[in-house]
Amino acid sequence: MTKNNFEGFFGGLTSYGDEGFSRFIRQVFLNSLGYTEEDFDKPVIGIADTSSGFVTCHKDMPQLIESIKRGISEAGGLPVVFPTMSLPEIMINPTSMYLRNLMAMETEELIRTQPMDGVVLVGGCDKSVPAQIMAGISAGKPFMQVVAGPMVPGRWNNKKVGACTDCRSAWSDFRGGRISDAELSDVGKNLVPTGGTCTVMGTASTMACISEVLGFSIAGSATPSAPSGERLSIGAKTGRAIVAATLNQLTPQKLLTKESFQNAALVLGAIGGSTNAIVHLLAIAKRANIEFKLADIEKHSNKVPVIVNCKPSGSGYMDDFHSEGGVPQLLHQVKENFNLNTLTMTGKTWRDILESIEYREPSGIGLKTIKNPVTSNGGLKILFGNLAPNGCVIKVSAATPKLCQHIGNAVVFESIEDMMQRIDDPNLDVSENSVLVLKNAGPVGAAMPEAGALPIPKKLAAKGVKDMVRISDARMSGTAFGTVVLHISPEASVGGMLSIVNDGDLIELDVDNGRIELLVDPQIIETRLTEMDKHSSIPQTKWGILFKSSVGQASEGMDLEEGIYKNE
Ligand code: FES
């Protein structure tokens, strides 16, 4: 590192066995891009661009990137845009989670190996944000993140609608015969009216808030909508801030502490955030070498009730939360439990930031208060028991309270394909008191798709049943709702207890006491465990083999673990 704290374009020379030649040939190629001597005295700030024709959520990214470039140039840096993988939640088969670690790996290596002194990571759609944070931490260079921002909600039947909670409600109303084909098609034209990420507190919005709380995105940046001028001003401000962070050598390692993660978990609870964020937070903490476990997330997320009034836990949308002042005003509400000494990439602590942002009394439309919350119970609960010795998750704020204490007989589906084939079979032996069980949808089984909110069987939906207890080793979309137990660890495909559940077995869900139990004689369990076989639908491609052999369990963040073939 030079005395200016940056290396510019001539850092990390390509290895040709002759340093002089390496410098010369790099200069030759930079000449071709029109760079001049003055540019070689500036810190190079990379901008990771995840624009893609497949990612409609990133539709406004080109203009956002222009604003980031402007901010970097104004502050004396040299912006250089480079493309990376991009993960369109709705377009990837079987699930974008299959590629989160690949994107993290690719982004990290591009930051590490290309000559940039600092970097702005521009993401938004679900897995892109955690993948970029994981990459940024592992690469170890100063980095900041700008998210695409939420889409603007649409209107249908004189009410606000937006992806994706309302997509699910519309679909369930259609399945239950409450709306027609034509109405479904009509609402479908209004659910995603602009670019930007899903406009409820789904995974994208949750991770945007978490990126802000961890200090990687500037204060107030999670909530302005994608097409707004405010979003562009955030781009410019971030551009200026990353140049300062780079010159100050503010690496993620200097930023993150255990308290940063405790704050993130607290906010996850207060926003009624996506269960997917649990997996991502565990993986991010591991990348930062900070001891932070499922129990920590439960403990800190439950210190406050859900106070952000966004679907699926509440009734509003991200624009409502933004109108209340977004994350900084949320932090004003929870600051007694929030560690204000944690640092952000702007070089300011959260204490400095909140002192400069005046408190506003929430209206209740997008943000409520601790005394008058959206739900008085915490948003997330970690359950243990013989079915999940290493833990599983339920989003209590999106569950039906009376189903949270429940005993029912299992209706078992061996895989997602099996479930899709039989769930609507009129002869399926199921009642509203049954517990729907989905196996082999965990990390090794199927890359953990968001299939955990199994559809209510058509014959029950037609009778008006809207929720049932559902359990699986899968994930659930952050925009979904219901009494849904997820992330069972260890998963069925590596021999977890879920693999031996049979039709008719009794299962007890006891959310109050944090338990989930298979009520089967221990001797029968022993016998079944010796007879079960393992199942995975991960493709036998090069990445599929690497993924399947080295991915960790949900309770550990599902990152690639060291030790190839550990799951064979
Ligand atoms: Fe991209 Fe919801 S599909 S954030």
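Just so it is clear, the model here is predicted, and its values are computed rather than measured. For ligands, and for the atoms within them, numbers begin at 1 and follow the listed sequence.
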Checklist entry - Which class fits the ring pair F547 and Y98: parallel under 30°, tilted 30 to 60°, perpendicular over 60°? => result perpendicular
Item to check | Exceeds 12 heavy-atom contacts within 6.0 angstrom, atom CD1 of I353 | outcome: yes
Next on the checklist: Checking salt bridge (Lys or Arg N to Asp or Glu O under 4.0 Å) between D166 and each of K159, K311, K160, R155, which is the one that passes?
Outcome noted: K311
Checklist entry - Is a donor on one side and an acceptor on the other found under 3.5 Å between the side chain of D320 and the backbone of Y317? => result yes
Next on the checklist: Tell me whether the count of non-hydrogen atoms from other residues, nucleotides or ligands lying under 6.0 Å of NZ in K141 goes above 12.
Outcome noted: yes
Checklist entry - What's within reach of atom 1 (Fe) of ligand 1, meaning protein N/O/S atoms under 2.8 Å? => result C57 SG, C125 SG
Item to check | Sidechain-backbone polar pair: D126 side chain, E89 backbone, donor-acceptor under 3.5 Å | outcome: no
